There are 2 protein chains.
Amino acid sequence: MSQLSDRQKIILSLVVHEHTRTAQPVGSKSLIDQYNLRISSATVRNEMNMLEEMGFLRQPHTSAGRVPTEEGYRFFVGNLVQHTSLPSATRNTIAHQFYQSRKGLDHWLPLAASVLANQSQAVSIVTAPHSENITFKHLELIATRGNQVLLVLVLVGGEIQQQILTFDSIHSQEQLSQLAQQVNHICENRSVEQIKALTPVNNPNLKLVLEAVVDQLSLANKLVTGELYLDGLSNILSEPEFTDLQADSSPLRLLEERPLLDDLISRTVLSEDIGGVRVLIGGEGTWQELQNCTVVLTRYGIPDQFSGTLGVLGPMRMPYGQTISVVRYVGELMSDLVIENLID
Amino acid sequence: MSQLSDRQKIILSLVVHEHTRTAQPVGSKSLIDQYNLRISSATVRNEMNMLEEMGFLRQPHTSAGRVPTEEGYRFFVGNLVQHTSLPSATRNTIAHQFYQSRKGLDHWLPLAASVLANQSQAVSIVTAPHSENITFKHLELIATRGNQVLLVLVLVGGEIQQQILTFDSIHSQEQLSQLAQQVNHICENRSVEQIKALTPVNNPNLKLVLEAVVDQLSLANKLVTGELYLDGLSNILSEPEFTDLQADSSPLRLLEERPLLDDLISRTVLSEDIGGVRVLIGGEGTWQELQNCTVVLTRYGIPDQFSGTLGVLGPMRMPYGQTISVVRYVGELMSDLVIENLID
DNA sequence: ATTAGCACTCTCATCATGAGAGTGCTAATT
DNA sequence: AATTAGCACTCTCATGATGAGAGTGCTAAT
């Protein structure tokens, strides 16, 4: 790829910046006016022409200003964006909110979504962290009405699964506790495969419970991701990019249809990348729904053990420096919180 | 209120029906063409004039067709809508989906949201059912790393709350189980108030756990509603009513800001109404955000004990008969499921 | 009581017009 | 050799005029 001169880099940056601000094509004259450049509009026009030939800018119509192309944004994000760290006032405000809220993932996840949405003025996406190696931690059986029993299964990592079991006959809480203890003894810290491989048992109740445990563990294994928190939908609906939405190729489809989003997440951001922020600009040829959008994602938690994804989806025209900083910071915060409160 | 003649009722119904279909003002000529009426357009015009004077119809412009007013819709829903029960094929399809899915509220709630959204082509709203009298059912303490202990609290009704406790020193699982059993003995089937009123205990660990239990129970009491499931957002975004959305008076605000929605629900649909469907047309003067919208809600579960809310939000111009039927049917289904699987 | 007939009104799509913003090119300037 | 002033040209967009279409209200006839 041909090199860009310093001046071309500046102009590209300014076009990106100005277009982010106004959502309009940027003309040579208005650019030098806005930023008090020492060069003439004619020079800017020549440079813009070059940038257009290189594929970084594009004209919506023959005699309109220029708009960055996807390639232009990619170059900008890859080479030009200034990675300013978040102002410490903002960091403090955010951290404060987390440490002031009630402890527990249940509270932190929606809070993270809310913070991301507000700071980025885009839609935030936060998935609950999820164990990569599902293992049994603890089981409890609780007597309810009649022969129905509530099974509560705690996984290593602290996730909880519940299910209602129907026994053949009525059992007392003491009997159930004893049964649970038996199961705990057998299964503690084991994976589905290990539990499946155990020698079959004869006791029909024990068998019933073990089958349910295996069921629940397999189910947890199958889920690519757990709960999902979104926030800030109204932020993007007012953006011009989203006003003429065709129901079928709208980015909203991605947010509403869980499998699509899981696919996007799993193909974009890998568990081992914790700390890194991925910026996906314009669907990259794979996601038609993201034509005019950018997704900024990061992974948080503990690599290869217990991690989730968080980030934002917004118009391609977004303040990249700030957005990337916020996503990174919230990711770090959530990683710390998860590590501090991990069950193992 | 002045009475309507049968013919006026028919014409009002047809205007509502036609406008629901086309989203356009309805003219006298097009009405008789569309429905093969035996009367002339002039007669229809006279009747429409009467209906307009009574406040049931309105003309967007001096010489356009008529559109139903809020009052018009209210009269229609109150007196004219045909309460056709859902076609049995549809009922079967829906019921089938519920009985085929995995058991458990976690699966039924999003399923209900999905069914409602698809059937009504509007946004569905489903809140998890919630105990009105929060009472202790069962406690479990689970040893984790170091002196951190996972507290799992099961409420009557089957809701589960969890919290991480930090003890002064490290305890074995046996010790913790014993402690939990003590607490279970003390608290079983009691409310927060009853537990608070107990004579203070000396054992510091027991005290710590009891305080946490009281904390969690109070928290559960405070929540007006639990988790919230939405689906079908894209359905309404494509409707003309929602295209020119002002960020601040858009119905979306209601869906995004939880307190607003809780307020709407608690003021609209009461716990004792289970079985009844409430139709709120155009905000009724209270909710500015619902100017062109209708909300159809019902309560499901067990009256005054364990109930949640479900329904849809759509444009005021909606197929009321069908929507009401679907909401009622899904509500009944969910009531049955909740009752069958209630823990007590 | 109903309806045919008609003048009138209002919207909407279409077209022409002109201001404004921007471009590319060429010749002059640094 | 790079930069810039100058200029003709292009394209959009807001504005206003025009006419077809749909609908109304009123009056007189049925």
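Scope of the values below: all heavy atoms of this structure, side chains included, with no hydrogens, waters or symmetry mates. The chains referred to below are lettered A, B, ... by the order of the sequence lines, with proteins before strands, and numbering in each begins at 1. None of these values were measured; they are calculated from a predicted model.
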If you look only at distance, which donor and acceptor atoms sit under 3.5 Å apart when one is on a side chain in residues 76-84 of chain A and the other is two or more places apart or in another chain?
residue, atom, partner, partner atom, Å
A/N79, ND2, A/F75, O, 3.1

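Applying the salt bridge (charged side-chain N to carboxylate O under 4.0 Å, His left out) test to B/R317 and every residue at least two apart in sequence or in another chain returns B/E239, B/E241. Remark: A/R278 engages A/D273 in a salt bridge (charged side-chain N to carboxylate O under 4.0 Å, His left out) (not counting sequence neighbours). Residues forming a salt bridge (charged side-chain N to carboxylate O under 4.0 Å, His left out) with A/R91 (at least two apart in sequence, or on another chain): none. A/E256 is linked by a salt bridge (charged side-chain N to carboxylate O under 4.0 Å, His left out) to nothing, counting only residues two or more places apart in sequence or in another chain.
Applying the side-chain hydrogen bond (donor to acceptor under 3.5 Å, both in side chains) test to every pair with at least one member in residues 49-64 of chain A, sequence neighbours left out, gives these pairs: A/E52-A/R66. Screening residues 24-35 of chain A for salt bridge (Lys or Arg N to Asp or Glu O under 4.0 Å) gives A/K29-A/D33 as the qualifying pairs, with residues at least two apart or on separate chains. A salt bridge (Lys or Arg N to Asp or Glu O under 4.0 Å) check over residues 35-47 of chain A, counting only residues at least two apart or in different chains, returns the pairs A/R7-A/E47.
Here A/N46 lies in heavy-atom contact (under 4.0 Å) with a base.
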Under 3.5 Å between N/O atoms: give me all the protein pairs with nucleotides 12-16 of chain C, atom names plus distance.
none

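A nucleotide of DNA chain D counts as in contact with chain B when one of its atoms lies under 4.0 Å from a heavy atom; the first and last such, 5' to 3', are D/dG23 to D/dG25.
Looking at A/T298, its side chain does come within 3.5 Å of a backbone N or O of A/G276 through a donor-acceptor pair.
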For DNA chain C, the dot-bracket pattern of Watson-Crick and G-U pairs whose distances stay under 3.5 Å, | for other-strand partners: ||||||||||||||||||||||||||||||

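The two residues B/P251 and B/C293 make their nearest non-hydrogen contact at CG-SG, 3.7 Å. In this structure, B/P60 and B/P25 approach most closely via the heavy-atom pair CG-CG, 3.9 Å.
Taking CG of A/L313 as the start and OG of A/S124 as the end, the distance is 10.0 Å to the nearest 0.5 Å.
Applying a 4.0 Å cut-off to non-hydrogen atoms, the residues of residues 17-44 of chain A that approach DNA chain C are A/G27, A/S28, A/S30, listed by residue number.
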